[in-house]
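Computed from heavy atoms alone, side chains included, the values below leave out hydrogens, waters and symmetry copies. Each residue takes its place number in the sequence, starting with 1.
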Amino acid sequence: MAVTVKTFANASEAAGALSSDRSARYVGGGTLVMRALNEGDVSISTIVRASDQALTRIDASGPRVTLGAGVTFARVLAERDLAFLHAPARSIGGPAVRNMGTVGGNLFAPSPYGDFTVALLALDAIIAVAGGFGARDIPIEEFLQARERQAGTLVLSVSCTRPASAEAFRFRKIARIKPKGGAVITLAAHLPISGGRIAGARIALGSMAPTQIRARAAERTLEGRSLDAATIAAAASAAAEGTSPSDNALGSAWYRREIVGVHLRRLLSGQE
């Protein structure tokens with residue numbers, strides 16, 4: 001089957017093309033869509049691209065960080081002001097994938113991939129999209145819950161608040177092949193501290209459900225408490241609550257439930 005490629009000068013035109021054609025898919029870096037095409041996905045008949053420079057813009061100068069959806073992981077790693085996102089970016093594939101893969105595309109990566117999105121979820125990122133019902137901002141958790149229905153929208157950018165300190169944000173990917181393998185599980189934690197106590201705890205997990213999810217039970221054990229051994233132990237015990245991992249070649253659902261608390265304890269304790 002022939003595939004049509006349409007390139008537009010601005011993002012709004014590209015979003016319109018996606019909204020009007022259910023068989024159209026947007027290509028940023030191509031690490032997801034082109035793989036699907038090469039594997040024979042006949043549901044895609046149109047490839048949409050955009051040369052809009054706004055999609056590759058980075059604004060990291062202030063407390064609020066904005067990344068265009070077309071920003072690659074290699075560019076994230078090259079930005080000193082994005083040091084808090086270097087570990088998640090470095091966890092994505094090898095150099096070739098990081099040179100092509102984009103922040104926006106990672107939002108659609110299925111389990112056991114999508115590690116950068118785990119970090120964005122822990123940071124309460126906002127997703128700016130266009131198409132369908134027009135341009136709008138969507139909290140990342142809401143976006144992920146409706147991800148399968150986002151085919152007709154174009155992600156424009158993601159934004160999040162910069163963590164107050166290096167200790168406030170933590171990330172860990174558990175993989176059998178390091179650093180570029182699919183994740184057994186991925187964890188990210190944002191732990192803002194106010195008056196010596198955690199205020200606004202966020203724990204995000206990858207490969208523990210069909211999409212990235214928050215570990216709300218673990219968050220509740222952390223909220224309003226100091227990050228001591230007892231608090232960490234309580235969070236680790238609650239880590240698997242509300243999860244629904246699946247079996248795959250990297251690990252069984254049982255195994256993931258067994259180890260997620262172990263690795264959350266290590267993450268919160270600062271252990272390697």
Side-chain angles (χ1 to χ4, degrees), residues 1-57 67-73 75 92-93 96-118 120-121 125-159 182-183 206-207 209-213 244 246 248-249:
M1 183 181 71
V3 176
T4 302
V5 178
K6 297 181 179 180
T7 302
F8 299 91
N10 61 67
S12 61
E13 291 177 348
L18 286 174
S19 299
S20 62
D21 184 352
R22 293 178 63 88
S23 68
R25 297 292 185 272
Y26 186 82
V27 170
T31 58
L32 296 176
V33 174
M34 295 311 299
R35 177 178 179 178
L37 280 172
N38 290 336
E39 292 177 349
D41 188 340
V42 297
S43 69
I44 305 172
S45 66
T46 304
I47 294 298
V48 175
R49 295 181 58 83
S51 55
D52 195 331
Q53 294 300 306
L55 293 172
T56 58
R57 189 171 299 150
L67 306 176
V71 171
T72 65
F73 300 111
R75 284 194 61 203
I92 305 298
V97 173
R98 291 194 292 271
N99 281 335
M100 297 295 293
T102 62
V103 171
N106 197 258
L107 293 167
F108 296 91
S111 178
Y113 307 106
D115 306 304
F116 196 83
T117 301
V118 177
L120 293 176
L121 179 58
I126 298 295
I127 314 301
V129 303
F133 297 102
R136 61 199 188 281
D137 293 340
I138 307 175
I140 187 170
E141 190 171 18
E142 179 184 335
F143 178 92
L144 292 172
Q145 290 169 352
R147 184 169 68 180
E148 299 306 316
R149 302 191 295 275
Q150 304 287 359
T153 61
L154 175 63
V155 174
L156 303 176
S157 65
V158 301
S159 62
S207 297
T211 65
Q212 298 84 349
I213 59 169
S244 55
S246 59
N248 62 25

Taking the side chain as every heavy atom from C-beta outward, state whether [X] and [Y] have any atom pair closer than 4.5 Å.
X: V129; Y: R136; value: yes
X: S244; Y: P210; value: yes
X: L144; Y: E141; value: no
X: T4; Y: I47; value: no
X: F73; Y: V97; value: no
X: T117; Y: I140; value: yes
X: V158; Y: I126; value: no

Find the distance between [atom1] ([X]) and [atom2] ([Y]) and round it off to the nearest 0.5 Å.
X: M34; Y: D41; atom1: CE; atom2: CG; value: 11.5 Å
X: L154; Y: S19; atom1: CG; atom2: OG; value: 9.0 Å
X: S43; Y: R22; atom1: OG; atom2: CZ; value: 10.5 Å
X: I127; Y: S157; atom1: CD1; atom2: OG; value: 8.0 Å
X: E13; Y: N10; atom1: CD; atom2: CG; value: 4.0 Å
X: L67; Y: L55; atom1: CG; atom2: CG; value: 12.5 Å

Closest heavy-atom pair and its distance - [X], [Y]:
X: G104; Y: F108; value: O-CD1, 3.5 Å
X: T102; Y: G28; value: CG2-C, 4.3 Å
X: A11; Y: D52; value: N-OD2, 3.0 Å
X: R49; Y: V5; value: CD-CG1, 4.5 Å
X: L107; Y: F143; value: CB-CE2, 3.9 Å
X: F8; Y: A14; value: CD1-CA, 3.8 Å

message: Can you pull out every salt bridge (Lys or Arg N to Asp or Glu O under 4.0 Å) where at least one residue sits in residues 106-115? Sequence neighbours excluded, please.
response: D115-K173

message: Could you go through R75 and T72, starting from their C-alpha distance and side-chain angles, then the distance that decides it, and tell me whether this counts as side chain to side chain contact (heavy atoms under 4.5 Å, CB included)?
response: CA-CA 5 Å; R75 284 194 61 203; T72 65; 3.5 Å; yes

query: Is the side chain of R98 donor-acceptor paired with the backbone N or O of G93 at a distance under 3.5 Å, no angle test?
result: yes

- line: side-chain contact (heavy atoms from CB on, under 4.5 Å) filter on S23, not counting sequence neighbours, yields D21, S45, T46

